[in-house]
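The structure appears below as structure tokens.
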There are 2 protein chains.
Amino acid sequence: MDAVNPARPGGRREALVKAAAEMFFEQGYAATSIDAIIARAGGSKRNIYNEFGNKEGLFASIVSENAERILSALRIDEIEGRDLRETLMVFGTRLMDGYMSPALIGAYRTVVTEADRFPGLVRSFYEQGPGRATARLAEVLEEARDRGEIQTDDCARVAGHFVGMVRDNLHLQVVLGLRPPPSEDETKVAVASAVQVFLRGVRADPAG
Amino acid sequence: MDAVNPARPGGRREALVKAAAEMFFEQGYAATSIDAIIARAGGSKRNIYNEFGNKEGLFASIVSENAERILSALRIDEIEGRDLRETLMVFGTRLMDGYMSPALIGAYRTVVTEADRFPGLVRSFYEQGPGRATARLAEVLEEARDRGEIQTDDCARVAGHFVGMVRDNLHLQVVLGLRPPPSEDETKVAVASAVQVFLRGVRADPAG
DNA sequence: CTTGACTGGTAACGTCCATTACCATATCTG
DNA sequence: CAGATATGGTAATGGACGTTACCAGTCAAG
């Protein structure tokens, strides 16, 4: 019953999800037609309606099934470095790369546009991605504070500051299509600058 | 010839622009139909097509005619304070209020969505708003650096850091509809925290 | 009054698209 | 093979909507 069609190694559902994800996140929900998805994925519309009910169901499925993959760029659980500066450099670089990846830029545009239509999806999207990354950084900062390296009242808040500094106006410009994602060198310079300001801003020393 | 119709004090064009701006920025470009605009503004479709050519022309007109008003929240040209900290507090508060205003949140959503269709509009939108505010802050920081109050290689870059810290994850959450705009108190706390970290991060002192 | 330009209202046209229906295969179960 | 089920392909249905057309009423100018 559940055996995969021998002539189709991947299975219809996977092909549909893959094609739909690409097209939704590239062109947006409204601009992507069912016909176009079928044209790319192969098969027939019956497949979509049997499997997902309707277009909204397809969209909900592809977001939840692709969120993990797309947001894995922001899934920064193990951040280690010789010291806090290196840790922040690594974290900031991964954060920048994740936010600037075409996949996440496309997903961001789409999710912003359809926020009203799919409130539940938007919440899980935020919590799995930006929220989780910020929370993880806050934990790292807690540890640094316990070690006496930094000084702050609210680690979660300053974690947000750091994330904001890294995202900067760069993310806005890329989302608006005003400039391409930064190169590796540009990323390094931008992150290093953010780390420098941040570290001086929060480090523990007796300067009132 | 140009005399206003006595029965219609505001003039058709103004009413159309006003209604179209509200609806485009609330619901987005695609989700706003010509019929709906007419239903709110009164008049007939002939008005729109005589005056603006088509829907895209109407959209372009309302963006350019409303950009100044909407972005005036970010038009922070005169920033003065007793000292740099107070100046940054004032600037940051106005920045936060501007970014979180419903008008700008709506415009942001719409512009992000239609970035591909109207690249010229997007550019002027950015340059009149976020770009201009950041550039103005950079000038202020240049002066502070000349006075020896802060120490940095690149005032434009750290101005971006500050703007990013203020925008933080808050902007993202509001844009996604995950939380309401911050209250006056929340704004004050958030900005004060950003100013604190930033000032410590860039101020001139001999701590290598 | 007459002409002309504009306006309001409504209907028509053409297109796009989500959704459903229909038909012909092909695969699986027995 | 019989029958059930899923699949591919294509066409039909129905609605939404941008755009244009048509008709009647209003106002300004001569």
Side-chain angles (χ1 to χ4, degrees), chain A residues 1-63 110 113-114 116-118 121, chain B residues 1-63 110 113-114 116-118 121:
Chain A
M1 50 176 70
D2 226 350
V4 175
N5 186 330
R8 307 288 173 179
R12 275 313 64 150
R13 186 179 216 280
E14 283 180 40
L16 282 171
V17 168
K18 182 167 164 14
E22 291 171 1
M23 303 191 72
F24 277 140
F25 291 151
E26 259 173 37
Q27 312 171 7
Y29 177 81
T32 301
S33 71
I34 298 282
D35 286 315
I37 294 171
I38 290 299
R40 179 181 294 205
S44 95
K45 303 188 195 179
R46 291 303 291 263
N47 259 314
I48 290 182
Y49 288 95
N50 285 341
E51 195 72 39
F52 304 99
N54 55 24
K55 192 181 180 184
E56 289 196 1
L58 174 60
F59 183 74
S61 293
I62 70 110
V63 171
T110 305
T113 305
E114 305 300 328
D116 290 341
R117 197 197 298 258
F118 304 97
L121 285 181
Chain B
M1 48 172 72
D2 227 350
V4 175
N5 186 329
R8 308 288 172 177
R12 272 317 60 144
R13 186 189 164 91
E14 283 180 41
L16 282 172
V17 168
K18 181 166 165 14
E22 290 171 2
M23 303 190 73
F24 277 141
F25 292 151
E26 259 173 36
Q27 312 172 8
Y29 178 82
T32 302
S33 71
I34 299 281
D35 285 315
I37 295 171
I38 289 300
R40 180 182 294 205
S44 95
K45 302 189 195 180
R46 291 301 293 262
N47 259 316
I48 289 181
Y49 288 94
N50 286 341
E51 194 72 39
F52 304 99
N54 55 23
K55 192 181 178 183
E56 289 196 0
L58 174 60
F59 183 73
S61 293
I62 70 111
V63 171
T110 305
T113 304
E114 303 301 327
D116 290 342
R117 197 197 298 259
F118 304 96
L121 285 182

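Every chain is numbered from 1, with letters handed out A, B, ... down the list of sequences. Note that this is a predicted model, so its numbers are computed, not measured. Both backbone and side-chain heavy atoms feed into the values below; hydrogens, waters and symmetry mates do not.
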Practice prompt. Under the side chain to side chain donor-acceptor pair (under 3.5 Å) rule, collect the residues that match up with B:Ser61, sequence neighbours excluded.
Written response: none
Response to the item:
Whole-Å distance, A:Ile48 CD1 to D:dG9 P, equals 13 Å
Item to complete: Using the side chain to side chain donor-acceptor pair (under 3.5 Å) rule, collect all pairs that involve residues 24-35 of chain B, keeping only residues at least two apart or in two chains.
Response: B:Asp35-B:Lys45
Worksheet item: With respect to the phosphate group of D:dG8, does any side-chain polar atom (N or O) of A:Asn47 fall under 4.0 Å of OP1 or OP2?
Response: yes
Item to complete: Please state how far atom CD in A:Glu51 lies from atom C1' in D:dT5, giving the value in whole angstrom units.
Response: 14 Å
Worksheet, complete the sentence: Scanning both residues in full, the closest heavy-atom pair of A:Gly28 with A:Thr110 reads CA-OG1, 4.0 Å
Practice prompt. Applying salt bridge (Lys or Arg N to Asp or Glu O under 4.0 Å), name anything that partners B:Glu22, two or more places apart in sequence or on another chain.
Written response: B:Lys18, B:Arg40
Review item, nucleotides 17-19 of chain D N/O atoms under 3.5 Å of protein N/O:
{"residue": "D:dG18", "atom": "OP1", "partner": "B:Lys55", "partner atom": "NZ", "Å": "2.7"}
{"residue": "D:dG18", "atom": "OP2", "partner": "B:Ile34", "partner atom": "N", "Å": "2.8"}
{"residue": "D:dT19", "atom": "OP2", "partner": "B:Tyr49", "partner atom": "OH", "Å": "3.0"}
{"residue": "D:dT19", "atom": "OP2", "partner": "B:Lys55", "partner atom": "N", "Å": "3.0"}
{"residue": "D:dT19", "atom": "O4", "partner": "B:Lys45", "partner atom": "NZ", "Å": "2.7"}

Worksheet item: Roughly, in whole Å, what's the span from CD1 in B:Ile37 to C1' in C:dG8?
Response: 17 Å
Discussion item. Show me the pairs that pass salt bridge (Lys or Arg N to Asp or Glu O under 4.0 Å) and involve residues 46-55 of chain A, at least two apart or across chains.
Written reply: A:Arg13-A:Glu51
Worksheet, complete the sentence: A:Arg46 atom CZ is separated from D:dG9 atom C1', nearest whole Å, by 12 Å
Fill in: For B:Ala41, all residues meeting side chain to side chain contact (heavy atoms under 4.5 Å, CB included), sequence neighbours excluded
B:Leu16, B:Ala19
